[in-house]
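First the structure, in the form of structure tokens, and then the observations on it.
Every chain is numbered from 1 and lettered A, B, ... according to where its sequence line falls, protein lines coming before strand lines.
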Amino acid sequence: MKQVFGRPRVLNDVVMHYCPGCHHGVIHRLIGEVVDELGIAERTIGIAPVGCSVLAYNYFNLDFVQAAHGRAPAVATGIKRALPDRVVFTYQGDGDLAAIGTAEVVHAAMRSERITVVFVNNAVFGMTSGQMAPTTLVGQKTTTTPWGRDARVHGHPLRVAEMLAALYGPAYIARVSVHTPAQVMKAKKCLEKAFRTQLEDRGFSMVEFVSNCPTNWGLSPLDSVRWLEENMLKYYPLGEFKLPEEVA
Amino acid sequence: MKQVFGRPRVLNDVVMHYCPGCHHGVIHRLIGEVVDELGIAERTIGIAPVGCSVLAYNYFNLDFVQAAHGRAPAVATGIKRALPDRVVFTYQGDGDLAAIGTAEVVHAAMRSERITVVFVNNAVFGMTSGQMAPTTLVGQKTTTTPWGRDARVHGHPLRVAEMLAALYGPAYIARVSVHTPAQVMKAKKCLEKAFRTQLEDRGFSMVEFVSNCPTNWGLSPLDSVRWLEENMLKYYPLGEFKLPEEVA
Amino acid sequence: MTREFLLAGFGGQGVMSLGMVLTYAGMLEGRQVSWMPSYGPEQRGGTANCSVIISTEPIGCPVVTEPDVLVAMNPPSWERFCGAVRPGGLAVVNSSMVKVSRAREDIRLTQIPATSLAEGLGNLRMANMVVLGALVGLTGVVGMDSVKKALDKVFPGREHLVAANRAALDKGLAWVTGGAAAGAAG
Amino acid sequence: MTREFLLAGFGGQGVMSLGMVLTYAGMLEGRQVSWMPSYGPEQRGGTANCSVIISTEPIGCPVVTEPDVLVAMNPPSWERFCGAVRPGGLAVVNSSMVKVSRAREDIRLTQIPATSLAEGLGNLRMANMVVLGALVGLTGVVGMDSVKKALDKVFPGREHLVAANRAALDKGLAWVTGGAAAGAAG
Amino acid sequence: MQKVVFREDRCKGCELCTAVCPQKIIHMGEGLNRQGYHPAKVDDQEKCTSCTLCARVCPDMVIEVYR
Amino acid sequence: MQKVVFREDRCKGCELCTAVCPQKIIHMGEGLNRQGYHPAKVDDQEKCTSCTLCARVCPDMVIEVYR
Amino acid sequence: MMKGNEAIGEAAIVAGCRCFFGYPITPQNELPEYMARRLPEVGGVFVQAESEVAAINMVYGAAAAGARAMTSSSSPGVSLKQEGISYLSACELPCVVVNMVRGGPGLGGIQPAQSDYFQATRGGGHGDYRTLVYGAASVQELVDLTIEAFDAADRYRNPVLLLADGILGQMMEPAVFPDSPPLPPPAKPWAVTGASGRPRNLINSLILQPDMLEAHNWRLMEKFRQIEEREVRWEEDQLDDAELVVVAYGTTARVVRAALGAARREGLKVGLLRPITLWPFPAQPLRRLKRARAVLTVEMSTGQMVEDVRLAVEGRLPVQFYGRTGGVVPTPREVLARIKEIAGELAQEAGGRK
Amino acid sequence: MMKGNEAIGEAAIVAGCRCFFGYPITPQNELPEYMARRLPEVGGVFVQAESEVAAINMVYGAAAAGARAMTSSSSPGVSLKQEGISYLSACELPCVVVNMVRGGPGLGGIQPAQSDYFQATRGGGHGDYRTLVYGAASVQELVDLTIEAFDAADRYRNPVLLLADGILGQMMEPAVFPDSPPLPPPAKPWAVTGASGRPRNLINSLILQPDMLEAHNWRLMEKFRQIEEREVRWEEDQLDDAELVVVAYGTTARVVRAALGAARREGLKVGLLRPITLWPFPAQPLRRLKRARAVLTVEMSTGQMVEDVRLAVEGRLPVQFYGRTGGVVPTPREVLARIKEIAGELAQEAGGRK
Ligand SMILES: Cc1ncc(C[n+]2csc(CCOP(=O)(O)OP(=O)(O)O)c2C)c(N)n1
Ligand SMILES: Cc1ncc(C[n+]2csc(CCOP(=O)(O)OP(=O)(O)O)c2C)c(N)n1
Ligand code: SF4
Ligand code: SF4
Ligand code: SF4
Ligand code: SF4
Ligand code: SF4
Ligand code: SF4
Ligand SMILES: [Mg+2]
Ligand SMILES: [Mg+2]
């Protein structure tokens with residue numbers, strides 16, 4: 001018998017600090033698989049800004065940079081411009097990318113920086129214990145929207161993939177989820193395309209993961225998956241929003 | 001004979017510091033006309049962040065706040081939330097709104113802040129003497145793109161109206177110009193709609209003015225108008241990108 | 001006179017409210033008091049703890065690192081803190097969950113099957129109040145009356161909870177004072 | 001010995017390069033030199049000015065507020081700075097554009113129709129070099145040789161421009177030294 | 001009577017008005033105004049239709065129009 | 001032979017794997033592992049089809065699959 | 001009893017604050033979360049901003065509109081507010097900024113620290129400005145100083161900083177709330193509220209003419225001088241006969257106070273000076289010490305306030321320093337040990353002199 | 001001859017800087033503009049960032065990748081970089097940050113100032129960190145110090161600040177450029193370049209355990225102590241017999257030097273101490289003054305460096321202050337007047353004593 005599924009080589013064999021059932025772990029694994037399969041571990045540099053995944057650097061056996069909250073795309077720009085033949089990716093939450101880091105991601109996308117952004121949208125600030133994120137759904141209760149997000153007061157949630165797809169700059173934008181095995185496979189394909197977009201020098205790529213936060217949603221992991229499917233996916237449709245033009 | 005055209009009452013009768021032929025003056029006048037006609041001068045508060053129009057406060061006989069570079073939408077949010085029955089508008093350049101202030105305008109739009117943003121896109125940092133703006137056209141020479149903006153290096157210009165129109169939050173988004181009398185009239189209509197959107201509490205409104213900067217484009221005013229028409233308008237199509245839904 | 005408590009357990013075991021009721025009781029008796037939770041990502045690990053100080057003097061640092069009294073509701077808490085108890089101090093251990101292996105000679109140790117006792121009362125979540133009852137008996141730092149009054153402060157308006165808590169307190173007290181009170185409560 | 005110059009005019013009148021050639025000339029003669037433009041939004045108003053200092057000692061602040069020598073190429077410059085000239089100093093005024101109304105008793109005043117003279121040379125933009133030629137004659141702060149060498153530094157590789165500039169310099173010098181040189185140049 | 005009044009000392013000589021006048025009656029003056037610009041002028045007031053187009057594109061609110 | 005191997009001490013008891021197993025053979029164990037969770041288990045290895053679905057949704061890389 | 005973070009919120013509401021703009025960061029989240037719940041109940045406004053930069057600029061807007069406005073954050077977030085604070089001071093806009101200081105630099109940790117003292121007292125932002133800075137040492141003082149902060153901010157039309165740390169923010173202690181602020185908020189005829197029935201108002205810090213900007217700056221400085229004169233606050237504990245004076249604020253002062261009792265019991269003549277205002281720093285009590293022979297500064301930093309202590313004593317007394325940093329809170333025992341060490345040296349010296 | 005701003009750029013290129021990230025602001029625009037032209041010619045990278053915050057974080061990235069990286073701005077923009085500078089110092093990343101200081105606070109003006117001294121020398125960002133700060137006084141010194149700054153940044157793995165103002169940035173003076181830096185840039189085995197043939201590298205400032213963060217902080221402090229010991233730089237001008245010592249840096253020092261000549265000609269025994277490093281501040285020369293009877297600090301601020309002067313003299317000498325601010329540059333004449341005033345007082349005092 002041979003092993004048909006196991007830990008990606010590039011991931012360290014350690015316990016991760018994420019809560020039970022948190023999708024961060026699945027997304028980490030997918031990155032690991034793609035990096036392994038593309039054979040780019042020795043020239044890949046990851047960037048972990050602040051969020052539950054700030055400790056991601058402990059899990060990847062890759063050169064890593066911890067970045068200030070929201071600034072990962074700027075840090076990635078600095079690295080990529082200094083070392084254009086390396087593969088650079090950021091791993092950012094929705095607080096990080098869609099709140100404080102809005103300008104940085106929009107401009108990295110506009111400039112067509114040859115970086116790959118992994119965007120984990122769990123509709124909440126996980127690390128700081130459950131405040132509203134820009135992506136929090138209308139009606140969703142958080143510690144700073146105790147009566148639920150009110151569209152009148154807080155506005156409607158930000159759809160980052162759609163917003164960035166409206167720009168000329170980005171080459172590849174997709175939204176995926178990992179809440180079923182089938183979606184996991186699809187997500188991996190998209191992630192691979194994103195990295196390939198960078199490897200083929202076609203421009204900026206981003207994959208938005210619609211993710212969960214059982215802890216701060218106050219749901220069991222299984223319930224969180226159901227809630228994600230029934231609520232998140234309605235507002236955040238999955239799909240590819242932008243594909244790189246064929247290089248002439 | 002009676003006067004059929006003159007200075008709006010709300011504008012002070014002083015010489016403005018703008019360069020000859022600069023559209024900032026026309027846009028100021030349009031705001032003045034709309035404020036006069038809506039009869040809202042006594043409850044309107046303007047916000048001038050940094051840019052050539054930082055001194056706008058000298059020209060409007062309105063309560064005014066000078067704001068830090070890029071932060072006008074946040075300042076406007078503070079004022080409007082404190083005084084919801086006042087009319088609040090910002091007057092921002094493309095460096096201000098589309099570079100350093102990207103996050104602030106995106107989030108004010110997302111939150112549907114009841115403010116009106118007047119966005120003057122002249123494809124250059126005017127006040128600081130002609131550096132590239134996010135809206136600088138591909139090929140356009142500036143002091144920081146001495147060989148012209150190169151899409152590979154600097155990315156394609158940011159189309160703010162389109163980007164914000166991709167959000168759920170904003171109620172009214174239009175792009176206008178003032179380079180012909182007909183466009184001036186259209187622009188005024190759009191500006192009025194934007195202020196009405198606020199007055200009727202329908203949400204965030206923005207009017208993007210495709211404008212000129214003869215000084216930093218290195219063109220005579222008349223040539224700048226021609227250049228605007230032939231180059232700017234191709235990349236920045238005029239029109240209304242978002243209209244407020246009818247209030248039920 | 002200053003008494004410093006360190007109360008530790010799993011997230012759901014109610015050590016925070018245990019501490020809060022104790023603190024309020026001290027306040028009601030006119031003492032200087034403070035309550036201080038551990039905070040930050042260590043919460044994510046599952047264990048939680050809080051410091052309580054009850055004193056006749058102004059309170060310095062509210063973080064208790066060398067408790068006079070340790071309450072350990074679960075094994076990791078005991079592992080982590082048993083060494084920190086001040087010589088001559090007291091450790092109260094939830095013996096339903098914690099097997100005390102290494103014993104310290106220089107401290108008092110009370111093992112109370114708080115979870116089982118609470119189960120007996122029909123509510124596992126009352127284990128914290130069972131321990132608090134025991135603490136009243138063991139330390140005398142606050143009176144049972146004050147503790148019961150404090151309950152109203154911590155759970156205002158939740159009458160049924162208060163009643164159940166009172167029963168648990170009595171049970172804990174009875175357990176350490178030798179069953180008389182327990183009998184009375186039963 | 002320190003000589004401080006303030007050179008002022010419209011944006012297009014070339015006062016910046018006037019200053020720069022003068023400064024380089026000073027440098028070529030082994031003096032300490034500095035050149036400093038006014039900067040910021042006042043440029044937008046249309047007038048521009050720069051400070052030049054040529055000295056045998058290290059230069060303190062490069063901003064000249066009380067010039068030994070003022071060059072005023074247009075009316076607003078004259079209005080603004082004529083009062084600032086140090087008593088005993090020199091003002092060189094482009095009389096093609098500036099009508100000197102208020103005269104100061106305590107300074108030397110030279111009126112030179114720089115724009116007209118430049119026009120005579122076929123290039124209005126040479127008025128600045130005409131004035132520089134005059135300055136050489138009037139102040140002797142630098143020699144004409146150095147000035148001509150300095151031209152190469154300021155306009156490297158632009159031969160035809162250099163030639164035209166040289167002619168303008170000579171014309172200015174001749175004008176203040178009484179026509180002899182002008183004749184020679186003609 | 002004047003149909004268009006140019007406040008000459010406010011004019012910055014940008015010429016934008018000259019390009020839009022359907023009557024082509026606006027021309028730039030010879031002299032310099034206080035600000036140092038050649039100001040725009042209409043001599044032939046008769047021909048003016050009071051269409052306001054010039055005034056609408058003038059950035060410096062130089063022009064008043066009467067009818 | 002084991003087709004699915006669960007590294008029990010790594011399991012956080014989230015149950016995500018149980019929901020996706022087409023064979024419905026994954027169940028949560030009784031005891032607590034070192035981390036204090038009830039770990040997922042497959043007793044009936046025979047029934048496992050090595051489909052890898054469980055492993056793909058496991059956030060903690062607990063599951064290895066053999067075929 | 002209330003958590004320190006929540007007590008600040010309730011005190012702000014008592015003080016008439018109805019506008020709060022925040023962005024999450026540990027260890028101050030309970031404050032914005034409290035405001036999110038409480039402010040709507042009293043007709044106030046809570047906005048979770050998109051960043052700390054946006055939050056301070058929302059405060060700028062609300063303050064310009066005449067509201068009592070507030071924001072809070074912790075160290076990295078407060079660094080991001082420096083431009084905004086400089087603007088607020090330049091425009092003479094009152095507001096309150098809370099910093100629940102955590103271990104730094106960089107992302108650092110989330111445990112208590114006092115390593116933002118320089119930033120707070122020297123103006124981490126650009127230009128010649130100062131902010132009144134309070135350092136609280138108990139939940140009650142968080143309440144009192146929050147109310148006072150709003151008052152002082154309005155009185156001087158300047159931002160006021162309130163510094164504490166995660167211990168004070170997370171702990172519960174009894175605290176009493178007044179029913180209303182000591183003084184009603186003053187009228188603000190300068191505020192931008194729409195120019196109705198009055199000449200228009202302008203909030204602005206752009207002053208391109210150097211002489212005018214200089215005049216503005218000296219006027220601000222005169223105000224800051226007044227603050228130095230009138231607002232300096234401290235607490236003395238057994239300074240009268242103290243041979244060794246310990247200087248400490250906030251959480252550290254609580255620890256030192258605990259050590260002090262023990263030291264006194266051992267017969268050591270030790271006293272405590274607890275600055276309540278960090279700027280203006282209470283130099284006065286250090287300048288008029290009679291019997292002191294040494295000063296010990298204790299901080300949760302590698303040594304920042306100690307500079308103000310040195311500036312105050314101007315070489316007249318030796319100034320020692322004991323610091324813990326990175327989130328480590330000194331224990332009374334360590335402080336006592338350090339006190340004894342110094343007391344020992346002093347005794348030896350005195351012995352030697354005899 | 002070169003403009004100061006451009007001279008910095010050329011010097012950076014000589015020093016091996018190939019990565020520049022900037023955002024426009026007056027009066028430093030000539031520097032990024034120069035880099036936009038020059039860097040592509042030498043295979044370098046110029047990125048106009050979307051903001052100062054983004055620029056400093058691009059520097060962080062490039063520095064992490066092992067490049068010599070740089071950014072520049074002026075006062076309000078530098079305030080926005082404070083979080084980033086704190087991160088760079090925490091992560092021990094070398095870089096050079098230029099601040100062409102302008103009048104503040106707030107938007108202020110664009111004329112020369114020295115009112116960001118506190119921010120620069122006390123760490124405007126959060127946490128226990130320091131940055132080496134150079135203050136240049138001529139175009140040549142801008143060149144020399146820029147090269148030195150890159151060197152020192154790499155040597156200590158810490159950001160280095162270079163302070164000047166619009167005068168120095170806009171003026172032209174003769175300047176000589178070396179062909180290459182004095183030392184080749186060191187190897188950076190710690191840089192993130194892809195973990196090929198070595199264990200992976202990590203750039204990080206998150207240290208949640210207080211004891212570990214404390215150890216990190218003390219290690220940084222030890223480095224800062226070394227900088228204090230080894231890098232302090234100043235220039236003395238006629239200090240030996242000076243009864244009045246003037247302390248001034250940058251543009252102000254140029255003005256004072258001009259006044260000094262005049263004062264000496266009038267027989268006044270005046271000398272100048274010109275700090276070249278603002279942090280570490282050159283306290284040594286002030287501590288070993290023999291004949292000095294007073295110190296006068298001259299700054300373009302309402303008084304910031306004067307604190308360091310006070311800390312240095314520790315009450316042994318009276319410390320006077322003369323400041324202009326808001327963009328006003330003091331003239332030699334005013335400074336001379338102030339010198340004479342103080343000299344007069346000293347004479348009177350001496351007379352009185354006799
Ligand atoms: C400048 C700054 N502001 C705020 C914080 C506090 N902070 C840490 S993580 C975080 C947001 C986390 O949310 P998200 O990015 O969605 O990641 P998640 O934890 O949900 O995966 C915040 C606000 C910080 N570290 N730095
Ligand atoms: C924090 C900060 N960064 C930079 C500047 C300098 N600055 C002033 S205006 C401006 C941009 C002006 O361009 P734009 O907004 O397009 O207005 P325009 O002048 O073109 O009308 C910049 C970068 C500043 N004042 N503050
Ligand atoms: S808090 Fe939420 S996002 Fe963070 S690890 Fe836990 S479940 Fe995942
Ligand atoms: S610089 Fe450009 S934008 Fe600014 S006033 Fe002049 S023409 Fe207008
Ligand atoms: S009003 Fe019309 S016709 Fe008259 S001058 Fe103006 S543009 Fe020409
Ligand atoms: S448009 Fe106005 S400013 Fe321009 S030339 Fe005509 S009148 Fe003068
Ligand atoms: S591999 Fe497939 S069949 Fe086997 S346990 Fe996993 S999900 Fe079930
Ligand atoms: S998905 Fe993984 S962690 Fe969750 S229960 Fe199954 S094996 Fe355990
Ligand atoms: Mg999130
Ligand atoms: Mg612009």
Looking at [options], which one has more heavy-atom pairs under 4.5 Å with chain H than the rest?
options: G:G108, G:A90, G:G123, G:S301; value: G:G108
options: G:G84, G:G327, G:G109, G:G125; value: G:G125
options: G:V53, G:D116, G:N217; value: G:N217
options: G:V328, G:N204, G:D211, G:V329; value: G:V328
options: G:K81, G:Q209, G:R130, G:M212; value: G:R130
options: G:S89, G:P210, G:G104; value: G:P210

Given that the side chain runs from C-beta out, which part of [X] has a heavy atom under 4.5 Å from chain G: side chain, backbone, both or neither?
X: H:Q114; value: neither
X: H:V78; value: neither
X: H:L220; value: side chain
X: H:R102; value: neither

For [X] and [Y], which heavy atoms make the closest approach, and how far apart are they?
X: G:E214; Y: H:T325; answer: OE2-N, 2.9 Å
X: G:P105; Y: H:S86; answer: CB-OG, 3.2 Å
X: G:G124; Y: H:Q119; answer: O-NE2, 2.8 Å

Review point. When only pairs under 4.5 Å are counted, which of H:V313, H:N99, H:I207 shares the most heavy-atom pairs with chain G?
Key: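 Of the candidates given, the most pairs with chain G belong to H:I207.
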Return the [atom1] to [atom2] distance between [X] and [Y], rounded to the nearest 0.5 Å.
X: H:L213; Y: G:Q111; atom1: CG; atom2: CD; answer: 10.0 Å
X: H:R122; Y: G:E307; atom1: CZ; atom2: CD; answer: 4.5 Å
X: G:L311; Y: H:R310; atom1: CG; atom2: CZ; answer: 8.0 Å
X: G:Y129; Y: H:T302; atom1: OH; atom2: OG1; answer: 12.0 Å

Exercise for review: Inspect the surroundings of CZ in G:R316 and state if more than 12 heavy atoms from other residues, nucleotides or ligands are less than 6.0 Å away.
Suggested key: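 Yes, the 6.0 Å shell around CZ holds more than 12 heavy atoms from other groups.
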Check your understanding: So which of G:S79, G:S75, G:S115, G:S74 actually passes side chain to side chain donor-acceptor pair (under 3.5 Å) with H:H126?
Key ->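 For H:H126, the side chain to side chain donor-acceptor pair (under 3.5 Å) test succeeds with only one of G:S79, G:S75, G:S115, G:S74, which is G:S79.
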Point to revise | Donor-acceptor contact below 3.5 Å, side chain G:S205 vs main chain H:L107 | key: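 Answer holds: yes.
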Review point. So, does H:E314 use its side chain to make a donor-acceptor pair with the main chain of G:E314 at under 3.5 Å?
Key: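 Between the backbone of G:E314 and the side chain of H:E314 there is no qualifying donor-acceptor contact (under 3.5 Å).
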